[in-house]
Amino acid sequence: MDSSPELVDLFTAYTRDAQGIGPLLSQVKHRSLVEDPLIVATGFDVALYPGGGRPPMVDGFRLSVRGFKELSAVSHLGPAVASLVSIAHHTGDDSWHHQAVRLLAATERARAANSPRLWRDVIAVEAFRGREFAIAGMCDYACAATEEYLRRALTTPGYLSAETLRADFLNRDKGKDGTGLINDMMVATFFLAGLDTSFRLIRWFREQQIDWERAMVVVAGRQGRPTAGVTWNTSSVATMLLGASEYRLPLERMYIAPHAPVFATPKDGDLSEVVALEEPLRTLWAGMRGMQELGEIMFAGYPRYSPDAQQFPDVCDPRVTEVGEMPVIHGPDDLRAMVTRLRVVLEDARQLLSGCVTDYAVAQLVKQDNDPTAVTVPGLDNVRYPRLP
C-alpha cells in the first residue's frame with residue numbers, strides 16, 4: 001500500500017514510542033507524581049503504593065475472606081433455579097433434571113449445616129456480629145423454599161416454568177412493597193457482602209492516613225463477567241473505593257483500566273510482583289491524567305466533563321417500567337428499587353452481578369462512622385422470614 005512518508009513522519013512525531021510528544025507528556029507528568037500515593041485495586045486485592053520509593057502494602061478483600069462464598073451460595077439460589085427454568089424452556093426435555101437433583105442435594109446439605117452458631121463461631125464475620133440468628137433464619141428460609149420448589153418441579157410434569165418460579169418461589173411469601181422474600185434475601189445477601197468488604201476497607205484506609213486529594217487510583221483488570229465493571233458507576237470495586245475514602249477521593253482521580261496489568265494475590269508475604277508493577281501503573285495513571293488536562297488547555301470556556309453529573313432513575317413511581325441505569329434507593333425499605341436493581345444487573349451487561357446494592361451499603365457505613373451495627377440491612381433487619389418445614 002502506498003503512503004506519504006512525510007505525513008507518516010508527522011503522525012509519528014506525536015505518537016512514536018518513547019520519542020513522541022504524547023509519550024513525553026506521560027513521562028513528564030509521571031515525574032511530577034512520584035511522591036503521590038497510588039492505589040491499585042484488582043478484582044481481589046487492593047495495593048497501596050505510598051510513593052517516594054516506599055514499599056507497597058496489600059489488603060485482600062474478596063474470596064479469601066470469611067463469609068463471602070457462604071453468602072454468595074445462598075444469594076445464587078434465585079438465579080440457579082431460574083437457570084433451570086430457562087434450560088427446560090430451551091431444550092423442551094428433562095435434561096435439566098440432573099442439575100436440579102444436584103442443586104436439591106446441595107441445598108439440603110447447606111440447610112442442615114446452617115445455624116446461628118455456624119455464623120457466630122465458625123464463619124465469624126466481624127461486620128455481622130449481632131445478626132447471626134437473623135442471617136441463619138434467612139438462609140434456612142431460602143434453602144427450605146428452594147427445596148420445596150425443586151421437589152415439586154421434579155415430581156410434577158410441566159410444573160417448572162417462569163410463571164411458577166415467580167408465583168411459588170420468588171414471590172412465595174410477600175415482604176416489603178409486595179416483593180417476595182427470596183428477592184429480599186438476595187438483596188440482603190448482596191448488601192451484607194458489600195457491608196463486610198466496605199467495613200474492612202474503610203478501616204484499612206483510615207489506618208493508612210491517605211491524602212485523598214493527591215491519591216492516584218486505578219481499578220485494574222477484569223471485574224466479574226467479561227463485559228462488566230468498565231465504568232465507575234458499573235464497578236462495585238470503584239464504588240467501594242469511593243466509599244472507603246469516605247467520599248474524599250475526587251472521582252476524576254480514579255481510572256477504570258480493564259486492560260491494565262494486574263498482580264496475583266500475594267502468597268506467603270511475597271510482594272515482588274506487586275513491586276514490579278508500580279512503575280507501569282504509575283505511568284498509566286500519569287498518561288491518562290496528562291491527556292485529560294489537555295481539555296482545559298485546549299477548550300477552556302466550553303462545558304467540561306463531570307463524572308458527578310449523571311442522573312439515576314427513580315422507580316418509586318409505579319408507572320416507570322424501564323430504566324437505563326441503576327435506580328436511586330430512598331432508604332432501607334425501598335425494596336422496589338433494590339429488586340429492580342437485581343433485574344438491572346442481570347440484563348445490563350455492564351453491571352457486576354454482586355454490585356447491585358454495594359454503593360448503598362458503603363454509603364450507609366460512611367454515614368454511621370463505619371459502625372455495621374448502626375446500619376439497617378435491607379431484606380434482613382426489616383423483614384421476618386417464616387420457618388418452613
The ring pair (Phe, Tyr, Trp, His ring centres under 6.0 Å) partners of W285 (sequence neighbours excluded) come to Y255
Test side chain to side chain contact (heavy atoms under 4.5 Å, CB included) on L365 and Q368 and set out the steps.
-> CA-CA 5 Å; L365 263 181; Q368 300 297 340; 5.8 Å; no
Any donor-acceptor pair under 3.5 Å linking the side chain of R341 with the backbone of P327?
-> yes
C356 vs M338 side-chain heavy atoms within contact, under 4.5 Å = no
Presence of salt bridge, K367 and E246, under 4.0 angstrom = no
Would you find a donor on one side and an acceptor on the other, under 3.5 Å apart, between the side chain of R387 and the backbone of P389?
-> no
Of all the heavy-atom pairs spanning P386 and L181, show the shortest one and how long it is.
-> CD-CD1, 3.5 Å
Of the options R111, R109, R152, which is the one that meets E147 in a salt bridge (charged side-chain N to carboxylate O under 4.0 Å, His left out)?
-> R111
After noting the C-alpha distance and the side-chain angles of N114 and D140, does the key distance pass the side-chain hydrogen bond (donor to acceptor under 3.5 Å, both in side chains) rule?
-> CA-CA 7 Å; N114 174 60; D140 183 81; 4.8 Å; no
Closest non-hydrogen atoms of L352 and V345, given as atom of the first, atom of the second and distance, are O-CG1, 3.8 Å
Backbone N/O of D270 and side chain of D268: donor-acceptor pair under 3.5 Å | no
Quick one: are F205 and V46 in side-chain contact, heavy atoms under 4.5 Å?
-> yes
Are L170 and M185 joined in one hydrophobic group, where the rule is that I, L, V, M, F, W and Y side chains link up if heavy atoms are under 4.5 Å apart?
-> yes
Mind checking whether M57 and Q208 have side chains closer than 4.5 Å, heavy atoms only?
-> yes
Joint hydrophobic cluster, V375 plus F199, side-chain heavy atoms closer than 4.5 Å | yes
Run the salt-bridge test on R117 and E132 with the 4.0 Å N-O cut-off and return the result as yes or no.
-> no
State whether the side chain of S75 and the backbone N or O of S72 hold a donor-acceptor pair below 3.5 Å, judged by distance alone.
-> yes
Tightest non-hydrogen contact, residues V366 and G243, listed as CG2-O, 3.3 Å
D359 side chain to S236 main-chain N or O, any donor-acceptor pair under 3.5 Å?
-> no
Heavy-atom donor-acceptor pair, T227 side chain to A349 backbone, under 3.5 Å = yes
For the pair D184 (side chain) and G379 (backbone), establish whether a donor and an acceptor sit closer than 3.5 Å, ignoring hydrogens and angles.
-> no
Is any side-chain heavy atom of M216 less than 4.5 Å from a side-chain heavy atom of L33?
-> yes
Is R343 reaching over with its side chain to a backbone N or O of T340, donor-acceptor style, under 3.5 angstrom?
-> no
When every non-hydrogen atom of D314 is compared with those of V320, the smallest separation belongs to O-CG2, 3.6 Å
Answer yes if the ring centres of Y149 and Y159 are under 6.0 angstrom apart, and no otherwise.
-> yes
Take L195 and F190 through the test side chain to side chain contact (heavy atoms under 4.5 Å, CB included) and record every step on the way to the result.
-> CA-CA 9 Å; L195 182 78; F190 284 130; over 6 Å; no
Decide, yes or no, whether a salt bridge links E293 with K29 under the criterion of side-chain N to carboxylate O below 4.0 Å.
-> yes
Sidechain-backbone polar pair: R206 side chain, L201 backbone, donor-acceptor under 3.5 Å = no
Between Y247 and W212, is the ring centre distance below 6.0 Å?
-> no
Minimum heavy-atom distance G229-I256, with the two atoms named = O-CG2, 3.4 Å
Taking the side chain from R225 and the backbone from Q351, do they hold a donor-acceptor pair closer than 3.5 Å?
-> yes
Sidechain N-carboxylate O distance under 4.0 Å for E207, R203 = no
Looking at E252 and R304, does any basic side-chain N land under 4.0 Å from a carboxylate oxygen?
-> no
Let me see the working for Y49 and R54 under side chain to side chain contact (heavy atoms under 4.5 Å, CB included), right down to the final yes or no.
-> CA-CA 7 Å; Y49 300 90; R54 287 171 289 175; over 6 Å; no
A220 and V40 have their tightest heavy-atom pair at CB-CG1, 4.1 Å
